[in-house]
Structures are given as structure tokens and as C-alpha cells.
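Please read all numbers here as calculations on a predicted model, not as lab measurements.
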Amino acid sequence: MFSKEETIAPSSFPQACSDSDDRLTPQFRRAGHGLHRASKLLQEDSVSGPAFEIKDRVRQSTDIVDLVGSYLQLRRQGSIYVANCPWHDDQRPSLQVNPTRQSWKCWVCDLGGDVFSFVMKRDNVDFMEALRILASRAGIQLTASAPARPGSVDDKQTLFDAMQWIQNQYHQCLLKSDAGAEAREYLARRNVTSSSIDKFRIGFAPDDWNWLTDRARTTSHSPEILKACGVLGESQTGTHYDRFKGRIIFPILDLQRRTIGFGGRVLPEVAARQQSQGQREPAKYVNSPETRIFSKSDNLYGLHFVRDAVTRPQELIVVEGYTDVVAAWQSGLDNVVAVLGTALNQRHLRLMKRFVERIVLVLDGDAAGRKRANETLELFFEADVDVRVLTLPDEMDPCEFLQQNSAGEFRELIASSVDALDHKLQCELSGIDVTRDTHRASAALENILQMFARRPNTSLVSSNVLREQQMLARMARQFQVDIETLRQRVLDLRGRVRPQVRASDESSSATASARATQLDPKERELLEILLQDESQLNFAVENISPGQFATEAARSLYEVYCERFYSGQSADFTSVMTQLEDPQLKSLLAELDEQAALKRGKTEFDVRQRLEAVIHAFECLNLDAVNRQAIAKLSQPLSHEEETQTLQEIVERARQRQGLSAPTDG
């Protein structure tokens with residue numbers, strides 16, 4: 001149960017009143033309400049204008065679990081998610097994400113808020129820049145131009161609808177058409193089962209320049225829409241053509257299971273016919289270009305299946321081709337994804353870290369595959385990701401290996417994969433005798449340490465100091481060098497320079513240090529009541545003015561409630577949070593909301609009784625302020641009548657403060 005300090009009982013509020021500041025009388029407070037309301041209704045402010053509307057639209061388009069999870073590894077814990085906070089040395093997950101309230105909070109750092117404040121803190125930007133970042137992420141236009149017209153090439157939903165139609169056309173062509181017969185035979189030779197064709201919605205685009213355009217003539221999907229989807233190209237003469245003609249189609253889906261792009265593998269028979277007709281050899285694979293709904297760097301083939309898997313995998317296997325993923329899933333491996341015709345990058349890593357703690361990079365066994373492994377390792381080191389590397393034997397790719405070997409043998413290879421450091425050591429030391437060829441060994445060690453030093457400084461960012469020490473110990477043994485020498489060299493390479501702190505981090509705002517526990521008790525109780533029951537706002541604003549607040553942070557929050565009330569807008573938690581732009585106020589509101597939720601149903605007084613007690617406490621404060629003025633008046637020369645009248649008023653206000661009525665005769 002909560003103590004009376006946590007939920008102040010109605011009878012205890014008068015004793016909680018402050019005697020330190022002057023306050024408005026009830027008459028002045030009512031007048032102030034009228035002026036406040038009139039001024040707000042005359043202004044075109046962010047409550048009712050387009051500024052609030054665009055903020056709310058961006059907020060609704062951004063799921064906080066998806067946002068935070070794209071940068072931190074979230075783990076479900078009951079009805080919330082938790083993660084290690086990146087802003088302090090977090091030994092246990094202390095950052096909490098509430099999907100119901102769309103809020104986040106780290107109680108250790110006293111940071112929290114909504115999607116906007118998370119981006120503000122993460123990227124060290126102000127509110128407007130965070131708004132731009134999230135709007136771009138959601139595909140929302142912030143300029144004064146009109147919103148995308150439904151049915152136009154700029155409307156994302158139109159493109160999503162068209163892509164779903166296109167996917168179905170290709171899929172049905174493979175399954176049922178005469179044109180798809182050769183493709184069906186090819187897939188059968190590659191041991192792609194009918195269930196896999198259905199699961200991955202594999203399709204076929206006939207070797208016809210106009211096949212897709214002709215089928216779209218009776219639909220609303222114009223050539224311009226199909227071009228915006230990336231499935232049509234345009235010649236120099238302005239003629240449209242099917243970008244994927246003659247290819248087996250692998251649809252690419254996002255995490256919402258929407259088709260956003262395609263990968264096309266040329267059918268060998270089609271390629272042979274084209275070359276026999278004097279055409280140049282076609283590219284083996286063609287991928288969708290970047291569009292309004294598709295980015296190669298923000299997606300991985302098959303990742304939506306991994307996310308939907310019943311059992312979350314401990315590791316993610318990354319391969320290079322679409323058929324590699326299909327073959328792996330057919331073999332019972334449900335944690336395999338592929339890159340989309342581009343090199344792995346930091347955005348891919350952030351995406352994968354949302355789902356797993358370890359990544360196994362499986363590359364083709366040829367020379368090109370080994371070269372790509374070396375190029376990718378530096379990326380993993382910089383991101384501080386636990387990565388393993390597996391190079392397949394006999395220059396095979398994963399699909400070929402699984403066709404010739406069992407899934408169990410593939411799993412054994414995965415289990416034997418070496419971590420990134422071991423792989424780097426093997427590559428650098430290939431052909432070097434460290435005891436004899438000291439010059440080459442020193443050069444190899446320096447290459448490794450330079451890459452190692454680009455890892456995040458564990459003393460500032462990560463709690464995984466032990467892992468770094470273990471890695472340095474392995475290098476010391478391998479090169480027969482003292483570990484302290486290696487540690488000092490890493491520090492030298494890192495420069496031992498602490499990150500620069502922008503002035504905005506040390507906010508001069510009066511709200512910077514505000515926490516719920518630092519607020520005046522009656523002000524904190526009032527805000528928690530409003531968070532718990534928005535319907536009490538009408539009664540609150542009729543009796544309490546923002547000018548009566550002693551704490552600037554609490555007053556700022558209450559002003560937002562008053563503004564929304566007077567403009568006829570909703571004052572629920574989400575709306576108030578969206579209107580706020582100060583990250584400290586967002587954090588304070590999130591903290592108050594959590595406290596209000598904890599108190600719900602655990603106090604002996606209902607919400608209205610608590611609010612009446614708060615109002616009484618503010619009234620006491622007003623009476624005290626007037627009495628101080630009257631007492632000061634008594635120190636001045638007064639007539640006997642004026643002095644008597646002033647004393648009587650002081651006594652009357654004292655009775656009112658204590659809830660006593662005036663004495664009666666008899």
C-alpha cells in the first residue's frame with residue numbers, strides 16, 4: 001500500500017500547503033482563467049493547428065517498440081519490453097518500453113518519453129530534427145506541399161496495393177500458365193518444393209516486354225504506378241518494359257508482411273535463347289531499385305519469417321542468395337536470411353540485433369566469398385556484435401551444400417564457425433611464422449589492433465569489458481606479446497578521447513532536473529489524477545490556475561492540459577505527450593504516468609475525493625497568501641476601524657483554511 005506521502009489523503013493536504021510564495025486570490029484566478037482561455041482561442045497554436053496534427057500523424061505512424069527495437073535489443077518482460085540502457089553502464093536491463101502507452105523510461109538515468117524524445121536523446125538533436133527524422137522514416141511529407149493524393153505515384157498505400165497485385169500475377173503465372181512451365185521444371189530440378197513456392201510466394205515473369213503492362217490495363221495500376229513500384233523500366237524512347245522479364249521472382253516482404261520489392265533470377269533457358277538471338281548475356285540476378293517503399297539497406301530477405309517464428313532463435317544465419325534461404329528453410333533451418341544484392345551495412349546490423357545476440361555469416365566458398373568476409377568483419381567489429389564466420393568447403397554456396405548434404409551436417413558447420421577475431425587472425429597470419437618473420441607478424445598485429453580499436457569503448461558504451469579482455473588475451477598468446485602492451489596500444493589508437501558533450505545535453509532549461517519526487521506534493525497529485533482520469537480536467541481548471549504552481553516543470557505540464565481543455569482537444573496521455581517538445585517534460589510525464597498507474601486501485605480515496613483535496617490545498621495556499629498581505633498591512637498606520645476589520649478578515653480566513661464555520665449566537 002502507498003503511504004500518505006505517496007498519495008496524500010484529503011485531510012492532510014492543508015498541512016502540505018507552502019507558505020513561501022504569494023498566490024492569486026480566487027477572484028483573480030477566475031479572471032486569469034478567462035484571459036488565458038481567450039488568448040488561447042485567438043492564437044493559431046500547435047494544439048489545434050497543423051503543427052499538432054503533423055506531430056500526431058508522425059507519432060501514430062511510428063511504433064515505439066519497432067523504433068527502440070531498431071537500435072536496442074528488446075526482450076519481452078510481461079506486458080512491457082526491456083533493454084540495456086545505452087546511456088549508462090547498464091548491468092541489467094533498466095530501460096523499459098511500454099507498447100500500450102507508447103512510452104519509454106530508464107529509471108536510472110531519469111530519461112523517458114515517447115518516440116520523439118527517444119530520437120532526440122539517441123541522435124542528440126532538438127525536437128524539430130527528431131520530427132523530421134521520424135517523418136522521413138514513416139514516409140510523411142513535412143513541407144507545405146499537399147499530402148500525397150490517393151492513387152498517385154507518391155501515395156505509399158497505392159504502391160503497396162499495386163505490389164500485392166503484381167506479386168499475385170507473377171505467382172499465378174508460375175503455378176498455372178503455360179509460360180511458367182520451364183520455370184516450374186527448373187525449380188523442380190533445384191529441389192524447390194511446392195510448399196516452398198507457396199510459402200515464399202515464388203513467381204515467374206514471362207519473357208515478354210509487355211506482359212505485366214498488358215495485364216494491368218483493366219486495373220487501376222497505371223504504367224506510372226508500376227514504374228514507381230520498380231517493376232517497369234523506361235527506354236530512351238519513353239517505352240515501358242518489364243524489368244524482370246524471363247526471371248523467377250522472389251518477393252521481398254517487410255516486417256509487416258507487405259510486398260515491397262522483388263529479386264529476379266534469370267531462367268537459364270531464357271538466357272540461352274536470348275544469347276542465341278544475338279542479345280548480350282543477361283545478369284544472373286536483378287533486384288528492385290530503391291523506391292518510396294523499398295530500401296535494400298533496411299530489409300533482409302526472409303526476416304519476417306524469423307520474426308514470426310514461434311521460438312526466437314539465439315543466432316541469425318546470413319547468406320547471400322534467395323535460393324540459399326529457401327533451401328535452408330526446406331531443411332528445417334528457420335533462422336536464415338539473405339542480403340538484397342548489396343553489401344551488409346550498419347543499418348542491417350541494427351535490424352538484426354533486434355532479434356538475436358549472435359550472427360553467423362555464411363559466405364560462398366570461392367575466393368570472392370572469402371574476400372567479402374574480410375571486408376565485412378570490420379563492420380561487425382565497429383558495431384560490437386558477436387559475429388561468427390563460416391566459409392563453406394569446395395567453393396559451394398549454401399543451396400548447393402544443402403542439396404548434397406544433410407541439414408545436420410550444415411548445423412555442425414555452423415556450430416564450428418569461428419568468431420570474427422579468430423577469422424581475422426587466420427587471415428592475417430596465413431603463411432606467417434610469428435616466431436621467425438617478426439616484421440610481417442608485427443604488421444599483421446597492427447592491422448588487427450587497428451580494426452579492434454574501432455570497437456566501441458567498453459568503458460563508455462558497453463558493459464562487456466570481460467569479452468574485450470578475453471580477445472586481447474587471445475591476441476597476446478597468438479603473437480606472444482604482453483597483454484598490457486596490447487591494451488595500451490588499443491588505448492593509444494582510440495585516442496582515449498571522451499565524446500564531446502553538446503551544450504544542449506547540459507540543458508539550461510529549468511525543467512532539466514525535474515523529477516516527480518521533486519515536485520510539490522499537491523502539484524504531483526493533481527497531475528497524476530489527470531493522467532489517471534482525464535474527465536476530472538474540467539473540475540480542475542475551474543478551480544486551479546497554472547499561476548498557482550510553485551514548480552516550473554509541473555506548471556508547464558498543467559499549462560498544456562489547460563490549453564487542450566480550452567481548445568476542446570483531448571487531454572489524454574498520448575495527446576499531451578505529443579504536444580510536448582521539451583524532452584525533460586516528456587520524461588517527467590512518462591514518470592508521472594507510471595506512478596499514477598501504480599497507485600490506481602491502491603488508495604482508499606476515489607479520484608474525485610483526491611481532486612477535491614488538491615483543490616482545498618490550493619485554496620489554503622491562496623488564503624495564506626492573502627493573510628500575509630493583511631498581516632503586512634497591520635504594520636502600517638491604520639485607523640481603529642481599519643485595524644479591526646483587517647483582524648476580523650484574518651480570523652475568518654483562518655477559519656476557512658481549517659474548514660471551520662463562523663460562530664453563531666446562542
Side-chain angles (χ1 to χ4, degrees), residues 1-18 79-80 96 98 100-107 110-114 117 511 513-565 570-580 582 584-621:
M1 292 297 291
F2 290 90
S3 68
K4 291 188 178 182
E5 286 77 24
E6 294 171 299
T7 302
I8 302 178
S11 60
S12 66
F13 257 130
Q15 287 73 33
C17 295
S18 170
S79 61
I80 64 171
Q96 300 178 356
N98 187 327
T100 304
R101 303 294 265 177
Q102 287 292 295
S103 62
W104 66 278
K105 185 72 181 178
C106 174
W107 298 96
D110 188 31
L111 297 171
D114 58 358
S117 57
T511 65
S513 62
R515 300 193 66 168
T517 54
Q518 296 170 332
L519 301 184
D520 180 278
K522 61 184 177 300
E523 296 171 5
R524 181 176 74 240
E525 176 78 346
L526 173 60
L527 292 170
E528 290 178 355
I529 288 170
L530 297 179
L531 284 163
Q532 190 170 332
D533 187 354
E534 178 194 352
S535 67
Q536 301 300 321
L537 181 57
N538 183 24
F539 189 41
V541 298
E542 287 179 357
N543 293 276
I544 302 171
S545 165
Q548 296 174 263
F549 277 63
T551 313
E552 182 176 345
R555 179 168 62 251
S556 298
L557 288 179
Y558 188 56
E559 283 175 346
V560 174
Y561 276 97
C562 292
E563 290 171 8
R564 299 196 65 79
F565 172 76
S570 172
D572 60 76
F573 169 79
T574 301
S575 299
V576 174
M577 179 68 81
T578 301
Q579 184 174 335
L580 294 171
D582 187 323
Q584 301 296 338
L585 291 179
K586 285 179 175 288
S587 179
L588 177 59
L589 187 68
E591 183 179 354
L592 288 167
D593 182 60
E594 292 288 343
Q595 295 298 327
L598 289 173
K599 292 180 183 179
R600 187 176 289 111
K602 295 184 179 180
T603 63
E604 56 183 306
F605 305 104
D606 62 31
V607 173
R608 189 53 169 239
Q609 288 176 314
R610 290 166 59 194
L611 180 55
E612 289 172 350
V614 171
I615 292 171
H616 182 51
F618 276 101
E619 291 288 355
C620 290
L621 203 60

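Summarising the geometry of Glu559 relative to Pro546, their closest heavy-atom pair is CG-CB, 3.5 Å, with the distance given to 0.1 Å. Between Ala590 and Gly112, the closest heavy-atom pair is CB-C, 4.5 Å. Contact detail for Val576 and Val560: the closest heavy-atom pair is CG1-CG1, 3.9 Å. The two residues Glu523 and Ala554 make their nearest non-hydrogen contact at OE1-CB, 3.6 Å. Summarising the geometry of Val614 relative to Ile544, their closest heavy-atom pair is CG1-CD1, 4.0 Å, with the distance given to 0.1 Å.
At least one side-chain heavy atom of Leu557 sits less than 4.5 Å from a side-chain heavy atom of Leu580. Looking at Asn538 and Glu542, their side chains come closer than 4.5 Å, going by heavy atoms from C-beta outward. At a threshold of 4.5 Å between non-hydrogen side-chain atoms, the residues Lys586 and Asp114 count as touching.
Rounding to the nearest 0.5 Å places CZ of Arg610 at 4.0 Å from CD of Glu525. To the nearest 0.5 Å, atom CG of residue Leu598 and atom CD of residue Glu528 are 9.5 Å apart. To the nearest 0.5 angstrom, Leu531 atom CG is 11.5 Å from Glu591 atom CD. Taking CD from Gln532 and CD1 from Ile529, the interatomic distance works out to 8.0 Å, rounded to the nearest 0.5 Å. Note: Glu594 CD to Leu589 CG = 10.5 Å, rounded to the nearest 0.5 Å. Of the inter-residue distances, the one linking Asp582 atom CG with Leu588 atom CG reads 9.5 Å to the nearest 0.5 angstrom.
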Take Phe573 and Glu534 through the side-chain contact (heavy atoms from CB on, under 4.5 Å) test and state the conclusion after the steps. CA-CA 9 Å; Phe573 169 79; Glu534 178 194 352; over 6 Å; no
Please assess Gln579 against Glu563 for the test side-chain hydrogen bond (donor to acceptor under 3.5 Å, both in side chains), listing each intermediate value before the final yes or no. CA-CA 10 Å; Gln579 184 174 335; Glu563 290 171 8; 3.0 Å; yes
side-chain contact (heavy atoms from CB on, under 4.5 Å) evaluation trace for Val541 with Tyr561: CA-CA 9 Å; Val541 298; Tyr561 276 97; 6.0 Å; no
May I have the step-by-step check of side-chain contact (heavy atoms from CB on, under 4.5 Å) for Gln595 and Arg524, ending in yes or no? CA-CA 10 Å; Gln595 295 298 327; Arg524 181 176 74 240; over 6 Å; no
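In this structure, Thr551 contributes its side chain and Ala553 its backbone to no donor-acceptor pair below 3.5 Å. Checking side-chain atoms of Ser575 against main-chain N and O of Ala571 turns up no donor-acceptor pair under 3.5 Å.
For Ser587, the side chain to side chain donor-acceptor pair (under 3.5 Å) partners at least two apart in sequence or on another chain are Lys105. Legend: residues meeting side chain to side chain donor-acceptor pair (under 3.5 Å) with Gln536, ordered by chain and number and at least two apart, are Asp533, Arg608. Looking at residues two or more places apart in sequence or on another chain, you find a side chain to side chain donor-acceptor pair (under 3.5 Å) between Arg101 and Asp593.
In this pair, Phe549 and Tyr558 present their aromatic rings parallel. The plane angle is below 30°, not in the 30 to 60° band.
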